Asks: 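Please find one structure pasted underneath; my questions will follow.
Just so it is clear: chains get the letters A, B, ... in the order the sequence lines come, proteins before strands, and each one is counted from 1. This one's a predicted model, so the numbers in the text were calculated from it and none came from an experiment.
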There are 2 protein chains.
Amino acid sequence: MNVDPSRSISNEAQPAYLQIKNFVLNKIQSGEWQEGHLIPTELALCEQFSVSRMTVNRALRELSNDGLLVRIKGSGTYVAQPKYQSTLIEIRSIAQDIRERGHTHRSQVISMNRLKATAKQAKAYAIPTGATLFHSVIVHLENQIPIQYEDRLVDASMAPDYLEQDWSHTTPNEYLTRVAPLPKGFYTIEVQIPNAEIARALQMKANEPCLVLNRTTYSGGHFTSFARMWHPGDRYKFAGRT
Amino acid sequence: MNVDPSRSISNEAQPAYLQIKNFVLNKIQSGEWQEGHLIPTELALCEQFSVSRMTVNRALRELSNDGLLVRIKGSGTYVAQPKYQSTLIEIRSIAQDIRERGHTHRSQVISMNRLKATAKQAKAYAIPTGATLFHSVIVHLENQIPIQYEDRLVDASMAPDYLEQDWSHTTPNEYLTRVAPLPKGFYTIEVQIPNAEIARALQMKANEPCLVLNRTTYSGGHFTSFARMWHPGDRYKFAGRT
DNA sequence: TAGTGGTCTAGACCACAGC
DNA sequence: CTGTGGTCTAGACCACTAT
């Protein structure tokens, strides 16, 4: 059955929906189908590949979910704008990152306490003024060298037993993703000069810049945590592949 | 037909596969199904929701693709590790970013020339020694204020007419995603002190740190470009939502 | 009105896991 | 061996677009 000459890309062991995905991908990658191009209809691809419509539909739907195609009901399927002008990068959990490098991760709790949300905080995080917040400051070390100063605010109603955790075996990030799964939120990455306390905790010289990741997270639409993570600029970088 | 009490999440206007996705999502988000939990089989969910297997399959497959479930043929479907301990962030095209803020973007070409790959470059990018490379240095301005110094190396075989582009109407990033679509590659984000030339081009004081994004891209497995993008640390940050 | 994609059905065969 | 997920079929009805 697999003798259609248009199925040139794939070895025949691949499922049909993948062969169709690769067929379309190659058309786009080769430039033959540019942005805005109207690609064949589902029924046309059914005939071309001798498969049923559900199979073609799955291939095109997945490409559409990946942002490569735009499908318009009643109209047709088009090659999407290359929104791939943007770079998707992944900021991983610091402890996990360190362990995957084969290094040892250790945490140092600098402070850990309870406070009431100020009016400003309440407004920023959409919580009631006076709501209980936990505040933690933890330094993370890779092979005994400090690489992150984590200053974090946690909504007590989302993580009531935050103060009782054993931070030598878990990190705030790991704990919070367990009690408040599927976090969403905002982030910024910036350069900042740390104050004396942070510089000392990170064993940095005075006036050396830090790479700072700020992250506000919500779980199920409710504020969970705001974290400010300081990294020594001279020995830390975010890295990954896309 | 939609009277199953277990379908409590969704308004009845939603497609069945979405109702099933939301049902599973709620179980995970509420913590009822923790990491490693074996969830009901496809056939069980077929009965529970009175739908066919393909519909349940689509719901679970999409959640699996999103990394929320792990499906093991012959065994069952499990709640995945919360790899959501990582933050996915998006570094957008600088020109697009500026325009979406309602500001004006302008480019200043500092230099643009042709050179031959050194042995070191050849090794780093998996191209032949002596291969033709283009080198461009462009400063991007937002409302006439410089915010990015882009130092870029481009493989001439992937973009032969790179030198002839009109950089007042397009950016290297936009041009390259057109001629070499679907880029993949590596990146790092770090803090660096710029040299005198870069500091001058970005109108920065001496010894002020920069936020630097390095990015190597490949299209279709072939090296396309290496870019080093310098941003003034005191007035630029990466921001977004996840 | 004809064509398109969005969704769904009620079956089917297969590869694989675990007993 | 039974039960699981992976894939696929040949239909179907619907909402929407374009003419």
Asks: Only counting residues at least two apart or in another chain, list the ones meeting ring-ring contact (aromatic ring centres under 6.0 Å, His included) with Tyr78(A).
Replies: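 By the ring-ring contact (aromatic ring centres under 6.0 Å, His included) rule, Tyr78(A) matches no residue at all.
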Asks: Could you tell me whether the phosphate oxygens of dT4(D), OP1 or OP2, come under 4.0 Å of any side-chain nitrogen or oxygen in Thr77(B)?
Replies: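 Answer no for this pair, as no side-chain N or O of Thr77(B) is under 4.0 Å from OP1 or OP2.
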Asks: Can you sort out the partners of His222(B) under ring-ring contact (aromatic ring centres under 6.0 Å, His included), two or more places apart, ordered by chain and number?
Replies: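 His222(B) satisfies ring-ring contact (aromatic ring centres under 6.0 Å, His included) with no residue once adjacent residues are dropped.
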Asks: May I have the distance from Lys21(A) (atom NZ) to dT7(D) (atom P), rounded to whole angstrom?
Replies: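 Taking NZ of Lys21(A) and P of dT7(D), I get 10 Å after rounding.
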Asks: I want to confirm an ordering. Mapping Tyr17(A) and Gly76(B) to their closest nucleotides on DNA chain D, which one lands closer to the 5' end?
Replies: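 Closer to the 5' end of DNA chain D: Gly76(B).
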Asks: At under 4.0 Å, does any side-chain N or O of Arg61(B) touch on OP1 or OP2 of dG6(D)?
Replies: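 No.
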Asks: Could you check how far CG of Leu60(B) sits from C1' of dG5(D), rounded to whole Å?
Replies: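 Nearest whole value for this atom pair: 10 Å.
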Asks: Give the rounded distance in Å between these two atoms: CG of Leu45(B) and C1' of dT9(C).
Replies: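 About 17 Å, once rounded to whole Å.
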Asks: Which letter, B, S or -, goes with each nucleotide of nucleotides 13-19 of chain D from 5' to 3', with contact meaning a protein heavy atom under 4.0 Å?
Replies: --BBB--
Asks: Report yes if at least one side-chain N or O of Arg71(A) is closer than 4.0 Å to OP1 or OP2 of dT4(C); otherwise report no.
Replies: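 The answer is no; no side-chain N or O of Arg71(A) sits under 4.0 Å from OP1 or OP2.
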Asks: Rounded to whole angstrom units, what separation is found between the CG atom of Asn57(B) and the C1' atom of dT9(D)?
Replies: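 After rounding, the gap between these two atoms is 14 Å.
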Asks: Ile39(B) has an atom CD1; how far is it from atom P of dG3(D), in whole Å?
Replies: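 About 19 Å, once rounded to whole Å.
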Asks: To the nearest Å, how far apart are Glu42(B) CD and dA10(C) C1'?
Replies: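 That distance rounds to 14 Å.
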Asks: Find the distance Arg58(B):CZ to dG6(D):C1' and express it as a whole number of Å.
Replies: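 Value for this atom pair: 16 Å.
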Asks: Is there a donor-acceptor contact under 3.5 Å from the side chain of Thr224(A) to the main chain of Ser219(A)?
Replies: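 Side chain of Thr224(A) to backbone of Ser219(A): a pair is present.
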Asks: Is the distance from OP1 or OP2 of dT9(C) to the nearest side-chain N or O of Thr55(B) less than 4.0 Å?
Replies: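 Answer yes for this pair, as a side-chain N or O of Thr55(B) is under 4.0 Å from OP1 or OP2.
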Asks: What residues form a ring-ring contact (aromatic ring centres under 6.0 Å, His included) with Tyr187(A), not counting sequence neighbours?
Replies: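 With neighbours one apart ignored, the set is empty.
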Asks: Can you tell me the distance, in whole Å, between the CD atom of Glu47(B) and the P atom of dG3(D)?
Replies: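 So the two atoms are 13 Å apart, to the nearest Å.
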Asks: Both Met54(B) and Leu43(B) contact DNA chain D. Taking the nearest nucleotide for each, which residue is further toward the 5' end?
Replies: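 Result: Leu43(B).
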Asks: Ignoring hydrogens and geometry beyond distance, is a side-chain donor-acceptor pair present between Thr171(A) and Asn173(A) at under 3.5 Å?
Replies: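 Note: Thr171(A) and Asn173(A) side chains miss the donor-acceptor criterion.
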Asks: Looking at residues at least two apart in the chain, or sitting in another chain, which of them share a side-chain contact (heavy atoms from CB on, under 4.5 Å) with Lys184(A)?
Replies: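 Partners of Lys184(A) by the side-chain contact (heavy atoms from CB on, under 4.5 Å) criterion come out as none, since no residue qualifies.
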Asks: Under the side-chain contact (heavy atoms from CB on, under 4.5 Å) rule, collect the residues that match up with Pro40(A), sequence neighbours excluded.
Replies: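 Only Trp33(A), Ala44(A), Leu45(A) meet the side-chain contact (heavy atoms from CB on, under 4.5 Å) criterion with Pro40(A).
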